[in-house]
Each structure stands twice: as C-alpha cells, then as structure tokens.
Asks: 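Supplied in structure tokens, the structure appears directly below.
By convention in this document, chain letters (A, B, ...) are assigned in the order of the sequence lines, proteins followed by strands, and residues within each chain are numbered from 1.
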Number of protein chains: 4
Amino acid sequence: MSTAPETERRIREAAFRALVKHGYASLSLTDIGEELGQNPSIIYHYFDDKDDLLLSMIDVFVDIFVDERTEQPITDAEDELRMIIDQILHPQPDHVHKVMSSPPENIETAVSRVFVELWAHAIWDDDFRCETTEVENSLREILTRTIRTGMERGEFRSVNPELTAEHIFFLLKQGLHTHATTNRAAIDRVHTLVNQIVDELSTDKQSECLGA
Amino acid sequence: MSTAPETERRIREAAFRALVKHGYASLSLTDIGEELGQNPSIIYHYFDDKDDLLLSMIDVFVDIFVDERTEQPITDAEDELRMIIDQILHPQPDHVHKVMSSPPENIETAVSRVFVELWAHAIWDDDFRCETTEVENSLREILTRTIRTGMERGEFRSVNPELTAEHIFFLLKQGLHTHATTNRAAIDRVHTLVNQIVDELSTDKQSECLGA
Amino acid sequence: MSTAPETERRIREAAFRALVKHGYASLSLTDIGEELGQNPSIIYHYFDDKDDLLLSMIDVFVDIFVDERTEQPITDAEDELRMIIDQILHPQPDHVHKVMSSPPENIETAVSRVFVELWAHAIWDDDFRCETTEVENSLREILTRTIRTGMERGEFRSVNPELTAEHIFFLLKQGLHTHATTNRAAIDRVHTLVNQIVDELSTDKQSECLGA
Amino acid sequence: MSTAPETERRIREAAFRALVKHGYASLSLTDIGEELGQNPSIIYHYFDDKDDLLLSMIDVFVDIFVDERTEQPITDAEDELRMIIDQILHPQPDHVHKVMSSPPENIETAVSRVFVELWAHAIWDDDFRCETTEVENSLREILTRTIRTGMERGEFRSVNPELTAEHIFFLLKQGLHTHATTNRAAIDRVHTLVNQIVDELSTDKQSECLGA
DNA sequence: GATGAATGAGTATTCATTCAT
DNA sequence: GATGAATGAATACTCATTCAT
C-alpha cells in the first residue's frame, strides 16, 4: 500500500507545528521542511503550492473541533454544551492526539495561535475566507442544535437559540484570540462569562442576568 | 519648525493604508513608499526599521479610539456607553479624520483589518504584545469607568463593572474580527447582543435576559 | 521479441511531440512523460539521460528525410529534384507516417520547429554538432547526386553540382527557419527562388546563370 | 547625471556575452551577473524580468546592423551592396565597438550564435517574433533599396528588387546559421554564392537571370 | 519492465537595508 | 532632508535523476 496519504498527513502536521513556531508572515517552506525532517521539495508532490498546503491546515481545525461532533446524538444538553465549550477553551492532548500523530507541545497555545493566523489570512484570500466561514458555521450549528435540543427537552429556558449560540461562540473565539494576542489571561475570564450564560439557560430563576 | 514630525505622521498613515491594502504578510516597504508617493528609503530617517514603523501603527489605533476619551468627563452614562460602542463598531469618517489626514476609503473595513493584522503579529513580537495589551487595557478601562459611573449615579443596575466591561469589549472586538475574517455580516449581530447588555444595565425590569 | 525497441521508439516520438509543443529551453522530462502517457522515469531504462534522448531525436530527422533516399536509383533527375525540394518544404503526412506512428498534428510547423531547436542546440553540444553536420552532408549529397546525374544524362545544363546543391540546400533550410522564427510566410518565397534555379538547370539556354 | 542608462547598457552587453558563452537554454541570471561583475539582483532595477532583458538584446542587433544604415544616402550601389554583405558575414570589431563598449572576443561567432538563439526563441514568444520579423524587414528593406537604386542609375540589370534582396538575405542568414550550427565552414561558401548574384546584377548581359 | 516517492541542486525573483550624493 | 543605485540574503518553486518495490 502506498505511503502517500501518510506522508501528506505528516506534511500537514509539520506545517501546523511550523506555523505555531514561526507565524504566518515568516513561515517558509524551509521551516516546514525542518519540522518535517525532510527536504521541502517533497511538499510539491502532495500540494500544489504553499497556499494550498496552508489552506489545508484549516482541515486540521475541522478534524479537531467539528468532525466527530456533527453526527453524535445528544444525551444531556447541558453536559454536552459545557463539554463543547471546554474542548474549545482547553483542548485536551488526548482528544487532539486522535487527529494528529505529532501534535505540538502546548496545545492550548498552538490552537489559539493557528486560529488567529489562519483567520487573519482569510482577510486576503477568498479560499481561506470560504473555509473560515464554513468552519464557523459548523461550530455555531452544533451549538445551536445543542441549545435547541435542551429547550425542546425542557432542560433550558426558552431563548433564541441562534442568537445565544452566536453569543457563546463570539466569546469562545475571543477567548482564544485574546489569549494568543495579549498578555492577559483571557481564557478563564471567558469561561466565567460563558458559564454565566449556560447557568442562565438551565436555571428557572427569573433574575440575575448576564454581566451581573 | 521643521517638517519632520509632519513627515513622520505621513509615513505612518501611508503604512496604515498600505497595510489595509496588502496585509501584514505581504506588506513591503515599496508598497508603503508607493502609498506615500515617495522613495521608501526615506522611512529610515524616521524609523529604525520596518518593525519599528509597524509598531508605531498601533499608535494610530490609540489616536482613533483611546486618546480623546481618557480625560473626558462623563455626562450621561448610557449615552456615553452607546456612543463608545458605536464608534468602535462603526467608526465615523469625521472622527477618524481628526487623527488622520488621509484616511483609507472604507474606514470600517480598514480598521477591522488593521486590528486583526496587528493583533495577529502581537503573537510573535513582545513589543507589539505590550502595545496591544495596553490599548485593550485603556479601552476596557474607559468602558469600566463609564459603567461604574452609571452605577454610582443610579442610572445602571448593580453589576460587576469590570466583568461587564470585559464582556462588552470581547463582543466588540469579535465583531470587528468576524467582519474582517469571514463572509458573515457580524457587526450587526454584535450590535444586537451588546445592545441587550446595555438595555439590561439600564432597565430595572427583572426578566428578559440575554439571548432571550 | 521484447517490446523494448517499440517502447524506445514511442519515447522518441513523444519527445519529438513534446519538443514541438514546449521548445528546447523549457522542455522537461515531465512534459515528455505526459506526451508519452507514462511515468517519465521510464526514460532512464532506454536512454542515459535527457541529452541522450534529445540527441536521438535527430535520428527522427534522418528517418524522415534521408534514409529512404540514399539507396534509391534516380529515374528522372528533374522530377526527383523537385520531389526532394517539395518534401522538405512541405512534408506530407503520408510520408512522415511511415517513420512515426504518432506524428504531431501540423507536420510542416513541427518539422521546422524541431529543425531550428535541434540545430540551435548544436551550437553548444559537440555530439549534436556532429549529427547536424552529418545529416546536412547526407542531404546535400543526395541533391548533388541528383544534379550530377541530370547533367550526365543531358537533362541539366553544365554547372558545379556541389555548389548548386548547396545553394538549393541553403534556401530550403532558410525556408524552414524563417517559417518557424518570424511572422513572414517564407516557404512560398523560397519555393519561388528554388524553382527558378531548377528551371535554369533544365533550360537549354546557354547563358551562364547563378549557381553555374 | 544619473549613471542609470550606462548601467542598463552594461547589463545588456553582459547578457549578450553570457548568451554567447552559455546559450539560451542554460543561461541563468547568475551567469549574467558574473559576466557583469555585479550582483544579479541589480538586473531587476533596469528590466522587468529575464525575458524583458533578453528581448532587449535584439536591440543590440539593430544597433549593430540596422540603425546607421537606414538614413544613409547611397553613393555607389554595388559598393554599398558588397559592404552590407561583408558586414553581415564578417562583422568588424571596429564597427561593433561603436555600439558595444565590451564586445565578446570572437565577434563573428558571437553574432551568429546570438542570431540563432534569439531567432529560435522567437518560435515560442510572440514579442520576440515581432522583433525578429521587424529586424528582418529593416534589413531586407535596406538591401531592396540599394538594389533598386542601382537599377535606377543603370548600374544594375533590371530585376525584381524585392525578390533579389530576399534571395541574398536568405543566403546571408543561412551563412550565419550554418556557421553556428554545424562543423562546416559555411560563410565562405555563402560569400561565393552571393558574389555570383551581385556579379550577375552588375554585368551588362541581357539574359534574364534569377530574380528577374 | 515500470512506477512513483524522494532528493538536492539550481533558478528567478523579492525585499529590507545601506550609502553616496 | 531626500533620493535612488546597489547589495546580498532569503524564498518559492522546478526538475533531472535515483532507487526501492
């Protein structure tokens, strides 16, 4: 059997790690080759060019966050919601290891950096922009579905599920973004805010609302 | 007085416009020189190097969003809050023109792009990181101060002003970020969510909470 | 018998077609592999390297223009001469098909291009130079022989057969060359000039004309 | 005064010499830089890219063969014709030195090589093709004009001046071509043939000869 | 015989930066 | 203060060639 698909995956993971190390603006194919432990020219056997390779790295995101969730039946809506939130804010090595054979060392930092860099590139490249939009749609969809299910089962209060999902999603993204781009520890603050929202959803109290 | 400070400002603005056009990763001094209408080597009379110039562009942000507000006395807290929010989500040409003599054409897009690009670069450069952190601190401080003032005057409900300010600030940033990096019209959605929070602050109603 | 000689010929023809398509300077083994419909590395089973393969393409020329003529007895000198001229200026698909199983589409263009490219390469490569010299010698020899035969039989006026052959040959080559390398329709002009020479040969006027 | 035009000319001449040394197919900007004694990147200050530089080398041809002749009044048609022929077949260092400050060593070889290489490239590049066509038109025009003038003054027999000029021109080109691409000494042979034609032109025999 | 994965040397081109004027 | 000529290091990408299968 051909080793090709394995090699393609190894290149993608090497690119991921190299991106975490060097950043988009100064990421060279040489860097990727070094991370890969092979001559960079091999990249052209598996990808059209640098952009094609980097574009494919959004797939790594999909692998980590989206794929497995889309088809899963929901058992407990609140548990499910909290688990999704947790996995985005604190990606676990075990989970990441399922989709990457050699993940970078500090996964939390790695994921937030790559998120910020790839999304930033989407400003300039339509293909990237399509992918980022789609990934976001999928994740928002998962959140929306979970909230709606919770409402239908009476676990959650009656809210606009799309808007609430979007609210949560904005905060999650911003947690990663602020974590990667400032000296502030933003993830815990976001966790607090998002927990409030989930708490609100699952209490039948009428008061104590967001930001309070 | 020499024309030097004027030239320095012109260079900074040219760099700003060039960044809006080309993006950080592919921004060359040639691009900036073209935007400036002068030979790019003049940049070295006013800045140490490319990084120094780009770092100084965060100052443009400070000029636009922070400076004038820090010392202003607050008259009406809710008005003030809504105005700050509006100015971040929809920067007005008139206002920007006060701090830039030749602003780029589409200011809303320009500001969100530059925000995303400069912050992304802060991942890799400690000097940038200090600046981004500081700018965010200032803006959060303004929001916090406004909320606290509103509370003290009885205009707003009693909340944790730091946390609420942070909540609003996360959403505002994410509005710009999503606007710049996906195909979704995120700014209006963010406006809706933030308005809800401000509404909550200024009503004494006990019900109808976030996302509802 | 093994299929090897057949494969070797197929490779040579593929190289010929690829050369017609891409030109010497930008002809890659990948191009040849594509034309061949096979993996380019197979070439190394039949040829030492790229140069060796391209050198062998001169043989295709020999196959087309020289081989069959060298041993043929001459029946009518003028007819023969006009036929040779015609075949060089307007190679017929039928005739080419005898030596190539998959000739390129526009043979006239193909032949002139390959002639110009291979001969140009002969500037730099002694092996090529030997081959081009030899092919030219053979063709000039055929022309000379035909003219001499015509003279001996009284069909042609008395001229210097080597010089006249060379004169005709120069013009024929230049027809192909100008056809391939400029926007001018040179072949018909050459035909006119060469016909004049042949006419002169076969008239019984005594006037000493050019080439005599 | 700026040194720029001087540098541009130096680059063009270096490219000319490098082309004579290495040939089109294996001519790298590094080669040209070496010939120039400077870093190859300087080329991009004066030319768009490699093709632009090489295209400009046809101008060197125009400088050598065409320019000075176009406006000169003709004194003696036969002398003039023989001089043009001589200058193409045997370019003199003195003459070349007028348009190149550092010509290559063996000018005869250099000119024929560059002619063959540039013309060969015209097969694939329309810009080259335009230039080659134009240069040829100019040279043919000069020959035609000289022959026509000779006829009008009664120095030459009555012939078709265009066709005779073309005849001569074909032979001259083929002299250079054969000289560059085979092991045969073709230039003298061509000289003999062309001299015959000119002799024919200036004899007063009435017999209708070629080109008439 | 034939494939295709892998290599590494080489190529055109870009770009921040320097420096003489 | 401002220019623009010049540099050299770095970069993406290509391609002939090898070799294990």
Side-chain angles (χ1 to χ4, degrees), chain A residues 1-8 11 26-33 36-54, chain B residues 2-4 6-8 11 26-33 36-54, chain C residues 2-4 6-8 11 26-33 36-54, chain D residues 1-8 11 26-33 36-54:
Chain A
M1 201 173 110
S2 156
T3 64
E6 181 54 32
T7 305
E8 183 176 335
I11 294 173
S26 66
L27 178 63
S28 73
L29 292 185
T30 308
D31 296 330
I32 298 174
L36 182 62
Q38 273 179 290
N39 193 292
S41 65
I42 198 182
I43 292 168
Y44 291 90
H45 286 270
Y46 296 91
F47 298 91
D48 291 344
D49 52 18
K50 195 185 173 187
D51 258 12
D52 185 36
L53 166 57
L54 292 176
Chain B
S2 117
T3 63
E6 182 51 33
T7 305
E8 184 176 333
I11 293 174
S26 66
L27 178 63
S28 72
L29 292 186
T30 307
D31 295 331
I32 298 174
L36 183 62
Q38 271 178 292
N39 193 290
S41 61
I42 197 181
I43 292 168
Y44 290 89
H45 283 274
Y46 296 90
F47 298 91
D48 291 345
D49 52 19
K50 193 186 174 187
D51 260 11
D52 186 35
L53 165 58
L54 292 175
Chain C
S2 116
T3 64
E6 182 53 32
T7 305
E8 184 177 332
I11 293 174
S26 66
L27 178 63
S28 73
L29 291 186
T30 307
D31 295 331
I32 298 174
L36 184 61
Q38 272 179 291
N39 193 290
S41 61
I42 198 182
I43 292 168
Y44 290 89
H45 284 275
Y46 296 90
F47 298 91
D48 292 344
D49 53 19
K50 194 186 174 188
D51 259 11
D52 185 34
L53 165 58
L54 291 175
Chain D
M1 201 173 109
S2 156
T3 65
E6 181 53 33
T7 305
E8 183 175 335
I11 293 173
S26 66
L27 178 63
S28 72
L29 292 185
T30 307
D31 295 332
I32 298 174
L36 184 61
Q38 273 178 290
N39 193 292
S41 64
I42 200 182
I43 292 168
Y44 290 90
H45 287 270
Y46 297 90
F47 298 91
D48 291 343
D49 52 18
K50 195 186 173 187
D51 257 13
D52 185 36
L53 166 57
L54 292 176

Asks: Under the rule for side chain to side chain contact (heavy atoms under 4.5 Å, CB included), what residues qualify as partners of D/D51, not counting sequence neighbours?
Replies: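 Result, side chain to side chain contact (heavy atoms under 4.5 Å, CB included) vs D/D51: D/Y24, D/D49, D/H121, D/D125.
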Asks: Between B/H45 and F/dG1, is there a side-chain N or O to OP1/OP2 distance below 4.0 Å?
Replies: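 For F/dG1, OP1/OP2 do have a side-chain N/O of B/H45 under 4.0 Å.
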Asks: If you compare all heavy atoms of C/P40 against all heavy atoms of C/L29, which two are closest, and at what distance to 0.1 Å?
Replies: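 What the structure gives for the nearest pair is CB-O, 3.4 Å.
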Asks: Start at the 5' end of DNA chain E and walk down; is the nucleotide closest to B/T30 or to D/S26 reached first?
Replies: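 It is D/S26, whose closest nucleotide lies nearer the 5' terminus.
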Asks: Go through the structure and list residues passing side chain to side chain donor-acceptor pair (under 3.5 Å) with B/T30, not counting sequence neighbours.
Replies: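 By the side chain to side chain donor-acceptor pair (under 3.5 Å) rule, B/T30 matches no residue at all.
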Asks: Using nucleotides 17-19 of chain F, report all nitrogen or oxygen pairs with the protein that are shorter than 3.5 Å.
Replies:
| unit_1 | atom_1 | unit_2 | atom_2 | d |
| --- | --- | --- | --- | --- |
| F/dT17 | OP2 | C/Y44 | OH | 2.7 |
| F/dT17 | OP2 | C/K50 | N | 3.1 |
| F/dT17 | O5' | C/Y44 | OH | 3.1 |

Asks: Search all heavy atoms of D/F47 against all heavy atoms of D/D52 and return the closest pair with its distance.
Replies: CA-OD2, 3.5 Å
Asks: What is the distance from CD1 of B/I32 to P of E/dC15, rounded to the nearest Å?
Replies: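 After rounding, the gap between these two atoms is 12 Å.
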Asks: Which heavy atom of C/L27 sits nearest a heavy atom of C/K50, and at what distance?
Replies: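 The pair with the smallest heavy-atom distance is O-NZ, 2.7 Å.
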Asks: Could you check how far CD of A/E8 sits from P of E/dA6, rounded to whole Å?
Replies: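 Distance, rounded to whole Å: 12 Å.
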Asks: Run the side chain to side chain donor-acceptor pair (under 3.5 Å) test against B/N39 and tell me which residues pass, sequence neighbours left out.
Replies: B/S41
Asks: Measuring from the side chain of C/T7 (C-beta onward, heavy atoms only), which nucleotide among F/dC15, E/dA2, E/dA6 has the closest atom?
Replies: E/dA2
Asks: For C/D31 and F/dT14, what is the distance between atoms CG and C1' respectively, to the nearest whole Å?
Replies: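 My rounded result for the distance is 11 Å.
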Asks: Once you apply a heavy-atom cut-off of 4.0 Å, does C/L36 come out as touching a base, just sugar-phosphate, or nothing?
Replies: nothing
Asks: Stem ranges for DNA chain E, with three or more consecutive Watson-Crick or G-U pairs under 3.5 Å?
Replies: E:2-21 with F:2-21
Asks: Heavy-atom nearest nucleotide on DNA chain E for B/L27 versus C/I42: which residue maps closer to 5'?
Replies: C/I42
